[in-house]
Structures are given as structure tokens and as C-alpha cells.
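Input: a single structure, listed below in C-alpha cells.
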Amino acid sequence: MRFEKFVKPRKIETALKILKDDPGSVILGGTTFLRLSDKKYSTAIDLADLDLDYIIENEDNIEIGAYTSLRTIEKDPIINKHFGDLLPKAVEHIIGVQFRNNAKIGGAVFGRLGFSEIITALLVLDCKLQFEENGTIPFAEFISNWNIKRDILKKIVIKKNQGKCLYRMLRTSDADFPILSVAVSNFDEIKISVGTRPSIAKLSQEAARMINSDNSKIIEASNLIVKEFTFGDDMRASGKYREKIAPVLVSRALQEVLS
Amino acid sequence: MKVNLDINNRIYETYIDADEALLGVLRKLGYKSVKKGCDTGACGVCSVLIDGKPTLSCQFLAARAEGHKITTVEGLGKDADEIVDAIVSEGADQCGYCGPSLVLTTYAMKKELKNPTIEKIKHYLAGNLCRCSGFEGQLRGIKRYMGVK
Ligand SMILES: Cc1cc2nc3c(=O)[nH]c(=O)nc-3n(C[C@H](O)[C@H](O)[C@H](O)COP(=O)(O)OP(=O)(O)OC[C@H]3O[C@@H](n4cnc5c(N)ncnc54)[C@H](O)[C@@H]3O)c2cc1C
Ligand code: FES
Ligand code: FES
């Protein structure tokens, strides 16, 4: 990434105005992913002075500011209290502590990366995104729809629910991308998401319907995952290998949330 | 652009490109302990402390470093010697390229981990790659420094 000008607005309205007025501008998260491209921008907009680094709990929700680091989320007691180790497990193998101290949740979400473990995990929570221009949007809608390209993500709002949720993945090396990632929650109903296929995570419809109608059909529902999702090849694993792994990870996760 | 950087408790007034990473600026200012490895965020040899937290300087913009305390291994003084002694006494260092970042991250780890175990140490240091030593000797020394049996 290259850019000519670095600005650090003190108001989010100013940041949005720069983003909208200048089509060559870019919002900076921790720049961990942005830095990898050769793209040239005119102005880089730093969000560091906008007070978007927080995790707070209110009566119904947990709110995570978009500038909160992945490491903060990994260690936060409020997150742990409400969602167990779902989010810590989804971030704890992303490179190392040095990387996660800098990478932000806003960048992890807005980047909509195919291999994103955080997206796999957030999909099974009751989660909304709040943008400066586009207002509040359900998380799953944002992930599957690329209409929002130039806005500022302010926070992630997650409903506090009673029940279990967990994240499981398979990777061959600690700091490499996973071969497959799975998250399952059991709040009002069971939700299953499958990611790193290697394309972006998605919620299951058919397997979720089956397990919600009959909790004993763990194996049948897990096997449906192979029919419901497409699994591709990359340098880490073949689609065929991912097809074998997916039902195993899903059935283990279902067993745990239903136990 | 002009920035004031606080490096190892010394203030530097210096000129940088708006899109320059902190890594290059530190090396230009003479902090050669900060190494360039992958330059993509994967190896950890460029680690520095920003306000006490280990951070990859190849990914951290120098423009963003203003107003923060930057620490390199040169700034650790005797604390670094203790960690280096623990590693060297195991005959662990080979080329030494990964050494400064490992020392700096170990220093931050000691402050951060309340009840260190070998698993927690390995997890904390997962982002510090070494291409020579095979990690075992370094881990023995670091375990001792952390007070883990
Ligand atoms: C070497 C490497 C290994 C990785 N391994 C993994 C892995 O194993 N698992 C995994 O899940 N992920 C992995 N990642 C992805 C990583 O999680 C993301 O790079 C990181 O979370 C992005 O955060 P950032 O703050 O650095 O975003 P940036 O790189 O700064 O930004 C990413 C995108 O989001 C935009 N953006 C950032 N913040 C906002 C905001 N508030 N509002 C609007 N737009 C915004 C930027 O303009 C940019 O388009 C890896 C990345 C790298 C570089
Ligand atoms: S040079 Fe920064 S992580 Fe490799
Ligand atoms: S001793 Fe050579 S890279 Fe670690």
C-alpha cells in the first residue's frame, strides 16, 4: 500500500467526509492486510483518535468498538463471560501476539476475507454492525452483500444470549491460515457456520433446520453440510479433503453445544 | 512529514514519508536490532514494544507512532542481559537474527503472563520465528527465566 497523505481526524463526521469527497482515500485499521497490496491511495484516514477502542456491556448487548485490537478481544473478561471461548479461539492462532496487538476487529470484519476465522465465529452470534453512513446492518447481511464499500464501521453490537457457543478449526501450522473453520451456537436455536472452505464463511440452512427439528440427528445434519456447501482447493488442502473434515468438525461441535 | 518519536525514552524529531513503516525509520535512526524479515507480518523479527505491547514494526505506520512510547531491545538495558544470558547458557542462539525480537517479546511476556506454563509460553511466542535453532534450546532458557519447571 502506498499513500501520499496521512490524516487523523478527531471527529467521525470529518473522517466520513474525507472518505466520501476523495474517491482515492482509504480507511486504516491496523494496516496488517492493507500493507500487503501495492495499491496507491491519495489519503489514508487513521481512526486512532475517534474513541473506537472499547468493549462495553449494557443491559442487552456487548458492544465492541471497531478500533479494538484482536488481542484485546482475546483477553477480555466480558467477552469470555458471555460467549465463552468462541472469539478467543477464533483469533488466538492469527500469527502471534505482536500481530494481534495491532490488527483491529473493524479491519477483520470490513475486509470480508475468505479465510477469516472471526467472520466464521461472529456469524453464529446475534450480531449487528453500526456504520456511520449506512446505520445498523445485520452482520450476516453485510458479509453476503458487497454494496457497502465506502463507509466507516463504528462498532459491532452482539446480543447477550443464554446458551452455548464454540469455535473449532483445523490448521496444520500454528501461524498459517486454517484449512477449515466451524462455529456453532445454541441460543434460541442452533446456528452452524462453516468458513475457510476456502471461501468466506456462511450460515448453514439445511443442516441447521434438521438439527433444530430433531436434536438427536447430529450425524445426519453434519453429513448434510457436504451437500449444502461447496469446498474448494488451495495450497493448504483439496476440496475433497475439506469435504471429509467438515462433517467431523461440525458433529463434534454439535455434540458439545448439545451436551 | 515531520514527526516526534519517543524511542527508548529519547525524543527524535525526524522526517518520514506518510506511508513509511516504523521498521525502516527505526533502522535509519540506528536501531539495527530491529530486523527486516518477511515484511508481511509473518515472522516477528521486526517486533518492538509500543507502549509496552509487542507490535510488528513492519506493519505499524511511523506516522501513527507519534505520541506512543517505542522500545527496542537497545532500551531494555540489564533486563535484556538477563534474558540473553538465559538463552545463551543453553547454547541456543545460532545466527542471532531472531534474537532481539525474541528477547523483547519475552520481556513483555514476563510482565503480561500471570501464571506462566510451557503451553502459555509457546503460545505467546508463536509469532517469533527462528530459522536456525529449532526453538528447543531457546525455550529451555526462556522457561528458566520465566520460572517454569
Ligand atoms: C500474514 C497474515 C496472516 C493472517 N492469518 C489469518 C488467520 O490465520 N486467520 C484469520 O482469520 N485472519 C488472518 N489474517 C487476516 C487478519 O485477521 C486481518 O489482516 C486483520 O484482522 C485485518 O485487520 P486490520 O486492522 O489490520 O485491517 P486493515 O488491513 O487496516 O484493513 C482491512 C480492510 O478494512 C478496512 N477497514 C478497516 N477498519 C475499518 C473501519 N472501521 N471501517 C471501514 N473500513 C475499515 C480497510 O480500509 C481495508 O479495506 C491474516 C493476515 C495476514 C496479513
Ligand atoms: S518483518 Fe515484520 S513480521 Fe516479518
Ligand atoms: S538463530 Fe538464526 S534465526 Fe534464530
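Chain naming here is simple, since letters A, B, ... match the order of the sequence lines and numbering starts at 1 in each.
- Scanning for side-chain hydrogen bond (donor to acceptor under 3.5 Å, both in side chains) contacts around B:Ser47 gives A:Gln98, with sequence neighbours left out.
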- request: Show the numbers, then the answer: is there a side-chain contact (heavy atoms from CB on, under 4.5 Å) between A:Leu28 and B:Arg64?
  value: CA-CA 11 Å; A:Leu28 304 178; B:Arg64 191 176 255 178; 3.5 Å; yes

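- The number of heavy-atom neighbours closer than 6.0 Å to CG of B:Asp51, taken from other residues, nucleotides and ligands shown, is above 12.
- A:Leu34 does not touch chain B: none of its heavy atoms, backbone or side chain, sits under 4.5 Å away.
- For B:Ser57, no part sits under 4.5 Å from any heavy atom of chain A, backbone or side chain.
- Within 6.0 Å of the NZ atom in A:Lys202, the count of heavy atoms belonging to other residues, nucleotides or ligands does not exceed 12.
- Comparing B:Pro54, B:Gly41, B:Ala108 by heavy-atom pairs within less than 4.5 Å of chain A, the highest count is held by B:Pro54.
- Among the candidates A:Glu4, A:Met1, A:Lys5, A:Arg35, the residue making the largest number of heavy-atom pairs closer than 4.5 Å to chain B is A:Arg35.
- Pairing each heavy atom of A:Glu92 with each of B:His123, the nearest pair is O-CE1, 2.9 Å.
- A pairwise comparison of heavy atoms in A:Asn102 and B:Phe60 identifies OD1-CD1, 3.8 Å as the closest pair.
- Remark: B:Glu66 does not engage A:Lys8 in a salt bridge, criterion side-chain N to carboxylate O under 4.0 Å.
- When the shell of 6.0 Å around CZ of A:Arg252 is examined, it contains 12 or fewer heavy atoms from other residues, nucleotides or ligands.
- In this structure, the portion of B:Met1 lying under 4.5 Å from any heavy atom of chain A is its side chain and not its backbone.
- Contact annotation for residues 11-40 of chain B against chain A (heavy-atom separation below 4.5 Å, listed by residue number): B:Ala18, B:Asp19, B:Ala21, B:Asp39, B:Thr40.
- Atom CD of B:Gln59 and atom CG of A:Asn101 lie 11.5 Å apart (nearest 0.5 Å).
- The environment of OH in B:Tyr97 is crowded: more than 12 heavy-atom neighbours from other residues, nucleotides or ligands sit within 6.0 Å.
- Interface remark: A:Leu36 contributes side-chain atoms only to the contact with chain B (heavy atom separation under 4.5 Å).
- At most 12 non-hydrogen atoms from other residues, nucleotides or ligands lie less than 6.0 angstrom from NZ of A:Lys40.
- In this structure, the side chains of A:Asp174 and B:Lys122 stay at 4.5 Å or more apart for every pair of heavy atoms.
- At least one side-chain heavy atom of A:Phe3 sits less than 4.5 Å from a side-chain heavy atom of B:Leu61.
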